[in-house]
Every structure is written in structure tokens, then in C-alpha cells.
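This is a predicted model, so every value here is computed, not measured. Sequence lines set the chain letters: A, B, ... in the order given, protein chains first and strands last, and positions in each chain run from 1.
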There are 2 protein chains.
Amino acid sequence: MLSDVMEDYLKAVYELEREHGPPVGTSTLADYLGVTPPTVTSMVEKLEERGLVEREKYKGVELTPEGETVALEVLRHHRLLEAFLADHLDYEWDEVHDEADALEHHISEEFEKRLAQKLGDPAVDPHGDPIPTEDLEPPESPDTEVLADHEAGDRVAVARVSDRDDEELRYLKDAGVEPGTELDVVEHAPIGMFVVDIDGETVHLPDRVAAAIRVRPVDERVTET
Amino acid sequence: MLSDVMEDYLKAVYELEREHGPPVGTSTLADYLGVTPPTVTSMVEKLEERGLVEREKYKGVELTPEGETVALEVLRHHRLLEAFLADHLDYEWDEVHDEADALEHHISEEFEKRLAQKLGDPAVDPHGDPIPTEDLEPPESPDTEVLADHEAGDRVAVARVSDRDDEELRYLKDAGVEPGTELDVVEHAPIGMFVVDIDGETVHLPDRVAAAIRVRPVDERVTET
DNA sequence: AAATTAGATTAGACGCATCTAATCCTTAAG
DNA sequence: CTTAAGGATTAGATGCGTCTAATCTAATTT
């Protein structure tokens, strides 16, 4: 049996691996989880004993396949809950994250199954994040790019938005940016501001925000190999 | 801030007070919660420090008004969740208790509010247990009696069934006993078996089961003062 | 009234998740 | 090649919730 906290660590390692690639450093994890580095060290030692992460001292950690399965399970819970809150309880997308975080460790497999069924087995949550399937196979990484990496003139469709920052999400909701929205990059001002055009509306996005948005190319064929 | 465990203790004291009246003894609580008596002693000391229970050493505990409010809050969460699981996720009434127990400490006030709204502010959960109202005022005790106290010839309507024992609940579901069911007491066999008649069907209920059913008199005026 | 018994409490311990303070690697810069 | 800087780890402590073993209190029986 794993504690809630252990599940949180595994989920965090999973997400940080996606973001920066393995190995994930102690301080990176500590920041992400809001604890101190020694706390992380002692926790990852326990996770290593259980075969959930592989660790190289002074370097960082990486999930084992078993650890990844746990992370995907938790992530599936989290994202199904987010979808449920938005679809059936009228939550806005900036309100679902914390509630889902609180509940994700406490729902049974039965609950997960019935929730998925009720929702019609959705593929993505309200932020566009892919929901792991029931078999918990590692999903292939979808071919999305970070908006911040694009240049003036590109036309893209929003695929996913990071769900970790409520402020950001409210800002984007007001701006009309959500999964599916198509936009043209007008300018990347060096002051750290992105200017984009959405259906004729000009919208300004600070770099921090543009870095949290993942997009898919549109109109021009940019199909990478 | 109260821990989940503290909330469980307060809920347990509340329910045991209803059942046997205060004060609630250490071993009674220990049995109910599945822990040892010393564990209860140390926990109720902490609850006393926080003003949630009143305690007389070697006698037992009793909720203060503040403690009762916490208990009612948790109970409201629990019963709203049970109602939700049964109404919207197709759970059977013997399956809802454990799931609700796991979730009751982790839902936000916002979630509670939206759930109640979605359910149409139900007054009772699937077992007939009253759901505390949003203002958490202590509900007046409804005038129900234990089925086991009735004699042959009485006609009664089932009001509530204890939700603590899955076996029992499945047995009763099969027998067609649920809140609202009307039945005639045919015989109380001294072997510890109740015989009742439901719409012409004869149903046998062991004493243990009959003790978990609360009923309201029907047909004959037995309005007690 | 004394003795037994049922129940409650104290004493002391453990594992979890966390912290602060101190020390120890690793690496990049001089 | 030495050293300074930045991370990471060890050491040691704390609070929570739990346990077992030992002791104590209260109530009932004789």
C-alpha cells in the first residue's frame, strides 16, 4: 500500500520528466511539491526501496515502469475528476485542479470505472491534458509544441494549458484561450510579451503564460518526423 | 485545522450518542473505530484540549456544541455523497458507505454546495438517514423506533436502516426491505428470529438485523408524546 | 467490607512525513 | 589544479496516530 504522499511524489516525478526529461533533481521536486530537499531525499529513498523509482545519488530520480503505472493511475483519477467537475458540477476550469487533487487518492477503482462510463470515456480533461486509458499504458507523447517557441506569422490551435496556476487559467479564460482555440502569432515582443490574434481580437500574453500553453500547428503542414 | 482522524472520532461519538446516549465509553469508541482503547484515550484528550468534547475520566466523552457541529458537517458530507453515488453513479445501497467514508473528509465546501444543489437538497440518504441541513443545526430526533422492539400484530413502515454492515444491507435488499417499505410483524420467535409479512411475502429477519432497522408506526395511532 | 473483574489510563515505543542545521559531493571557474 | 558555489545528503528533532504492556480505578459480587 502506498500513502497519498508517495502517490503525489510519483505523479510529480512523472510530470517533471515530461517537462524537463529525466533525471529529476531533488530541488526541482522539492519546489514542485512545496517541501524541503531533505524531505525529498528521504522520500525517494523509500520509493526506491519499493522499486518505484531509480535513483542515482546526487543526480536525480527516474520512474521505473511500476512507478509510472502508479503515476498514470493517479493522473487518470485526477483528470477524470476534473472532467466530471466541469461537466456535471458546473465548475470553471480554473476551479477544478485543487478539488481533484484532494480527491484523486481517495476514489476506488469502482468509482473510477463508473465515472469514466458516465463521462463517456473522455480522452482529455478540461485543460486538454490527455486522460490515461484504463490499461494505464504509457501514452505516446502527442506532437504538441510550446506556444512560446513560435514566431510571428505562425497559426496554431491550442491543445493543452497547464492546470497548475489558477491565476493563469482565469486570465486565459477571459482572453478566450482554451483547448481548440485557433490563433495567429502576431509578435513576440522582446519585453517578454506575446501578441496573438484570436478571430480578430488582439490578445497579449506574458511569456510565463505563453510557456504554459501547448499548441498544434494549423494551416501550414509542419508535420515533424 | 482538524485531521481526518479527528473528524472520524467526532462522527463516531455523535453516532454512538444517538444510539446509546452519552457518555460514550472508551472501549465502545475503540470497537466502533477499530482501534485500541489507549489510542482512544490519547485522541479524546486532544479533542478535549480543542474544546470539541467534554470528558470525565473513567466515565466517557460527550460532544460539545462545537464538536457536534463538526460531526454534523462530516455527516452531511457523508450522506450527500451516498445519495450522489446511488442517484448518479448507479451504486447499490450496500456499496455506498465505504466510498463515502473515504471521500467525506476531502470535499470542499464548494463541492458540498454544488452536490446538494445537483441532488435537489435531499432530506435523507439511500438508507433513510437524515442529511444534516446546510446550517448544521442539530436535527430534532425523528420519532422512529427499533423494529426489534415491536410485537406480533404491529404494522410499521421502514424509516432507516443502519449503513454500517454491507452483508445486512444486501440481505435486506433481497428481502425487499428498504426505507418506505410497509410490513406487518407476524411473530418474534424466541430463537432470535423476526418474522414479518411484506405484501403477502413472509420474510425472516435475524434479531441482529431487526435491531438495525428503524421504523415508524403505521395504521394504528401510536403517537407518543 | 473485601475481593474480583471490567474497563480506563499511563508509559514507552514505532513509522510516517516533515523540518533545521550541518556536512558532503560535483562541477564549473579561475 | 585548486577552489568556490550550488545541490544533495546526513543527523537529529518534532507531531501525529497508532500499538503493547503495565498499572490503576470503579463497580459488582460475595
Side-chain angles (χ1 to χ4, degrees), chain A residues 1-14 16-17 19-63 67 70-71 74 101-102 104-106, chain B residues 1-14 16-17 19-63 67 70-71 74 101-102 104-106:
Chain A
M1 268 302 84
L2 295 181
S3 69
D4 297 0
V5 175
M6 285 175 176
E7 290 184 355
D8 281 334
Y9 276 75
L10 294 172
K11 189 176 62 150
V13 174
Y14 181 89
L16 291 170
E17 277 184 6
E19 205 172 324
H20 311 297
V24 178
T26 303
S27 299
T28 312
L29 256 177
D31 278 1
Y32 193 85
L33 291 164
V35 298
T36 58
T39 302
V40 171
T41 299
S42 84
M43 191 69 230
V44 295
E45 278 168 358
K46 286 174 203 156
L47 294 173
E48 191 183 28
E49 276 168 27
R50 297 186 185 227
L52 298 165
V53 301
E54 223 148 86
R55 193 164 100 86
E56 204 175 339
K57 273 179 90 168
Y58 295 99
K59 287 289 164 45
V61 287
E62 193 169 339
L63 291 177
V70 174
V74 179
D101 253 5
E104 65 190 5
H105 309 293
H106 305 286
Chain B
M1 268 299 84
L2 294 182
S3 69
D4 298 359
V5 176
M6 286 175 176
E7 290 183 356
D8 281 334
Y9 276 75
L10 293 172
K11 188 176 63 150
V13 174
Y14 181 88
L16 292 170
E17 278 185 5
E19 206 173 323
H20 310 297
V24 178
T26 302
S27 298
T28 312
L29 256 177
D31 277 1
Y32 193 85
L33 290 164
V35 298
T36 58
T39 302
V40 171
T41 298
S42 85
M43 191 70 232
V44 295
E45 278 169 358
K46 286 174 202 155
L47 294 173
E48 191 183 28
E49 276 169 26
R50 295 185 185 229
L52 298 165
V53 300
E54 224 147 85
R55 193 164 101 84
E56 202 175 340
K57 273 178 90 169
Y58 295 99
K59 287 289 162 47
V61 287
E62 194 169 340
L63 292 177
V70 174
V74 178
D101 254 4
E104 65 190 5
H105 308 295
H106 304 286

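Distance CD (B/E7) to C1' (D/dC16): 15 Å, rounded to an integer number of Å. Atom pair A/E56:CD and D/dG7:P shows a separation of 19 Å (rounding to whole Å applied). Between the CG atom of A/L2 and the C1' atom of C/dG15 there is a distance of 15 Å, rounded to whole Å. Between the CE atom of A/M43 and the C1' atom of D/dT10 there is a distance of 18 Å, rounded to whole Å. Atom-to-atom, CZ of B/R50 to C1' of D/dC16 comes out at 11 Å; the value is rounded to the nearest Å. Going from atom OH of A/Y32 over to atom C1' of D/dG7 covers 21 Å, rounded to whole Å. The separation between B/H105 atom NE2 and D/dG17 atom P is 12 Å, rounded to whole Å. Put simply, CG on A/L29 is 14 Å from C1' on D/dG7, counting in whole angstrom units.
At D/dA8, one or more side-chain N or O atoms of A/S27 fall inside 4.0 Å of OP1 or OP2 (strictly under the cut-off). The shortest distance between the side-chain N/O atoms of A/T41 and the OP1/OP2 oxygens of D/dT9 is below 4.0 Å. OP1 or OP2 of C/dT18 lies within a sub-4.0 Å distance of a side-chain N or O belonging to A/Y9. A close approach under 4.0 Å does occur between a side-chain nitrogen or oxygen of A/T36 and OP1 or OP2 of C/dC19. Taking only side-chain nitrogens and oxygens, B/T26 comes nearer than 4.0 Å to OP1 or OP2 of C/dT9. Distances shorter than 4.0 Å separate none of the side-chain N or O atoms of A/K57 from OP1 or OP2 on C/dC24. A/Y58 has no side-chain polar atom (N or O) that falls below the 4.0 Å cut-off from OP1 or OP2 of C/dT23.
Comparing B/R55 and A/K59 against DNA chain C, the residue whose closest nucleotide sits nearer the 5' end is B/R55. Along DNA chain C, the nucleotide nearest A/P38 and the nucleotide nearest B/V44 are compared for position; the residue whose nucleotide lies closer to the 5' end is B/V44.
Within a 6.0 Å radius of CD in A/E54, other residues, nucleotides and ligands contribute 12 heavy atoms or fewer.
Of the candidate nucleotides D/dG17, C/dC19, D/dC19, C/dC19 has the atom nearest to the side chain of A/V35.
The minimum heavy-atom distance between B/L2 and B/L52, with the atom names listed, is CD2-CD1, 3.7 Å. Closest heavy-atom contact between A/V61 and A/V13: CG2-CG2, 4.1 Å. Nearest heavy atom pair, residue B/E62 against residue B/E17, reads CA-OE2, 3.2 Å. In plain terms, the two heavy atoms of B/P37 and B/A30 that are nearest each other are N-CB, 3.8 Å.
Residue contacts shown for B/S3 are limited to sugar-phosphate atoms, with no base heavy atom under 4.0 Å away. Contacts of B/E45 with the nucleic acid, taken as non-hydrogen atoms under 4.0 Å apart, involve only primed sugar atoms and P, OP1 or OP2.
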